[in-house]
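When a ligand or atom number is given, it counts from 1 through the structure's own listing order.
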Amino acid sequence: MKVPLLDLQAQLEYLEADLIAAVTRVVKSTRYIQGPEVEEFEKEIAAYSGTAYGVGVTSGTDALLISLMALGIGPGDHVLTTPYSFFATMGVILRLGAIPVFADIDPSSFNIDPARMEELLQADTERKIKAIIPVHLYGQCAEMSAILALAKRYELPVVEDAAQAIGAEYPMAKAEAGGYPKAGSLGIAGCFSFFPSKNLGGIGDAGMVVTQDKDFAEKLILMRNHGAHPKYYHKVVGGNFRLDPIQAAALRVKLPYLERWHGQRAENAGRYDHFLRETGLVDAGRVVLPKAVYAAASGAKNASARVHIYNQYVLRVERRNELREWLGKNDIGCEVYYPVPLHKQECLGALVSGVHCPEAEKAADTTIALPIYPELTEAMQAFVVEKIVQFYN
Ligand SMILES: *Cc1c(COP(=O)(O)O)cnc(C)c1O
């Protein structure tokens with residue numbers, strides 16, 4: 001049996017006709033820049049994430065970059081973030097001449113640890129830190145209550161990197177009328193990626209910034225079009241960060257499936273949890289299951305809360321590199337997100353030195369992601385677990 005890490009062919013079986021119709025619609029419309037598909041998709045994502053405005057952009061990376069640009073982050077500024085994320089989170093800081101400051105992660109969630117953030121903010125007597133970027137890693141929100149409290153105390157904007165967490169709920173003490181707030185709705189900016197492997201993936205690159213703030217949305221709209229208003233009159237320097245209408249049209253085909261896909265991923269995660277517990281590997285401490293850290297908080301009040309959307313199902317394991325090789329040899333797709341923590345990346349050179357984030361370093365050495373995509377079958381999951389058992393025996 002072959003189990004790929006992600007199988008887009010499996011969803012193409014039921015999406016192909018609609019995707020082709022959507023692309024054809026754009027082709028025939030001749031509206032190739034901005035236009036109704038982009039505008040409708042922006043409204044749909046804003047509504048879905050419980051925000052007032054959606055501004056479509058070229059990618060998740062550009063969603064982060066344009067947000068920092070709109071906040072005026074520039075050379076010499078410090079930006080507080082996590083050392084354990086995809087490179088883009090740090091890359092956008094560096095591209096603006098700013099310097100990342102790393103607060104280590106909480107080992108149970110892999111997300112930035114507010115206690116470490118507080119230490120760094122307290123130590124920042126010159127107030128060089130100008131923004132905070134928490135990442136909702138693998139599909140589960142960072143501890144936003146504590147993060148927002150720190151942001152308020154230190155008067156800092158929060159840019160949520162919600163690239164892996166669209167639709168993930170954050171069960172704050174008080175649920176709003178429409179349910180718990182969602183990833184991306186709590187900071188000044190929520191950044192989504194529609195890279196094909198995200199829970200909502202396009203047929204190419206795409207991204208969006210959502211916000212509750214009208215002025216901020218207007219700044220983003222200006223900046224994504226070279227800062228031009230009116231045309232050829234440039235108030236500020238932006239860039240070409242416009243969302244392609246072909247991507248918007250394709251994503252509008254997929255959005256109605258998103259809740260179902262979240263549900264299927266959560267079901268698959270529950271099944272892995274169950275299968276792996278039965279093997280005894282969890283009790284023996286060789287495998288640590290992913291933890292939905294807010295499950296208990298949301299459970300009693302709202303059984304359908306999506307506190308984890310499982311963009312990735314990530315285990316901590318013994319002998320990770322050998323296991324990875326073994327699974328690969330057995331035609332099972334797996335991946336390490338991420339093998340090198342951000343503060344250890346070569347491109348930093350001497351810019352960031354002497355940083356210690358032992359939890360991020362430990363995570364980089366011990367984690368492994370298993371296939372979790374919605375169409376994964378129970379038989380495939382059983383096969384994956386069987387091979388893991390064989391490896392440890
Ligand atoms: C995917 C991802 C991004 C970047 O998104 P792109 O659309 O690929 O540019 C940024 N941050 C995180 C955490 C991601 O997973």
Side-chain angles (χ1 to χ4, degrees), residues 5-6 8 38 41 45 49 54-69 79-96 100 102-103 105 109-112 131-142 144 147 158-168 183-184 187 189-210 220 224 239-244 246-248 250-251 254 265 290 308-314 335-343 345 347 360 363-364 367 369 372-373:
L5 184 62
L6 174 67
L8 292 174
V38 170
F41 182 55
I45 292 297
S49 59
V55 180
V57 293
T58 21
S59 67
T61 302
D62 282 345
L64 291 163
L65 181 64
I66 197 175
S67 296
L68 294 185
M69 286 170 76
V79 177
L80 182 56
T81 191
T82 169
Y84 200 55
S85 179
F86 176 58
F87 179 75
T89 312
M90 169 172 89
V92 295
I93 298 169
L94 297 169
R95 284 166 67 187
L96 293 173
F102 298 108
I105 57 170
S109 65
F110 301 102
N111 278 325
I112 193 166
I132 303 174
I133 311 182
V135 179
H136 307 314
L137 202 68
Y138 305 145
Q140 172 169 257
C141 286
M144 290 305 289
I147 293 168
V158 174
V159 173
E160 298 177 66
D161 182 340
Q164 299 183 7
I166 190 167
C191 301
F192 296 131
S193 163
F194 306 115
F195 185 80
S197 69
K198 311 294 183 184
N199 283 32
L200 179 62
I203 53 172
D205 279 310
M208 192 172 293
V209 184
V210 291
L220 295 172
R224 77 167 161 195
N240 175 356
F241 298 123
R242 296 182 300 257
L243 171 63
D244 186 330
I246 289 183
Q247 295 308 327
L251 285 159
K254 291 194 175 195
R265 283 170 180 269
H308 203 321
I309 62 155
Y310 293 98
N311 180 242
Q312 300 298 344
Y313 180 86
V314 176
E335 190 52 271
V336 172
Y337 303 109
Y338 298 90
V340 182
L342 297 178
H343 64 290
Q345 290 292 348
C347 66
T367 54
I372 190 72
Y373 62 88

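- Protein heavy atom closest to atom 7 (O) of ligand 1, with residue, atom name and distance, is Ser193 OG, 2.6 Å.
- The Ala163 neighbourhood of ligand 1 comprises atoms 2 (C), 3 (C), 10 (C), 11 (N), 12 (C), 14 (C), 15 (O), with distances under 4.0 Å to a heavy atom of that residue.
- Nearest protein neighbour of atom 11 (N) of ligand 1, counting heavy atoms only, is Asp161 OD2, 2.8 Å.
- Closest approach of Pro100 and Ile93 over heavy atoms only: N-CG2, 3.7 Å.
- In terms of the ring-ring contact (aromatic ring centres under 6.0 Å, His included) criterion, Tyr84 has no residue partners (sequence neighbours excluded).
- Near Val135, with a cut-off below 4.0 Å to any heavy atom, the atoms of ligand 1 are 13 (C).
- Taking the six-membered ring where tryptophan is involved, the planes of Tyr310 and His308 are essentially parallel, since the angle between them stays under 30° and well short of 60°.
- By the 4.5 Å heavy-atom criterion applied to side chains, Met90 and Thr81 are not counted as neighbours.
- The protein heavy-atom contact nearest to atom 14 (C) of ligand 1 is Lys198 NZ, 3.0 Å.
- Listed by atom number, the atoms of ligand 1 under 4.0 Å from Gln164 heavy atoms are 13 (C), 14 (C), 15 (O).
- Closest non-hydrogen pair, Ile105 versus Ala363, comes out as CD1-CB, 4.0 Å.
- Polar contact check, Asp62 against ligand 1: no nitrogen or oxygen pair lies under 3.5 Å apart.
- The shortest N or O to N or O distance between Leu137 and ligand 1 is not below 3.5 Å.
- Looking only at protein heavy atoms, the nearest one to atom 9 (O) of ligand 1 is Thr61 OG1, 2.5 Å.
- Judged by distance alone, with hydrogens and angles left aside, the side-chain atoms of Tyr138 form a donor-acceptor pair with the main-chain N or O of Tyr337 at under 3.5 Å.
- Annotation: side chain to side chain donor-acceptor pair (under 3.5 Å) contacts of Ser49 (sequence neighbours excluded): Thr51.
- By the 4.0 Å heavy-atom criterion, Ser85 is counted among the residues contacting ligand 1.
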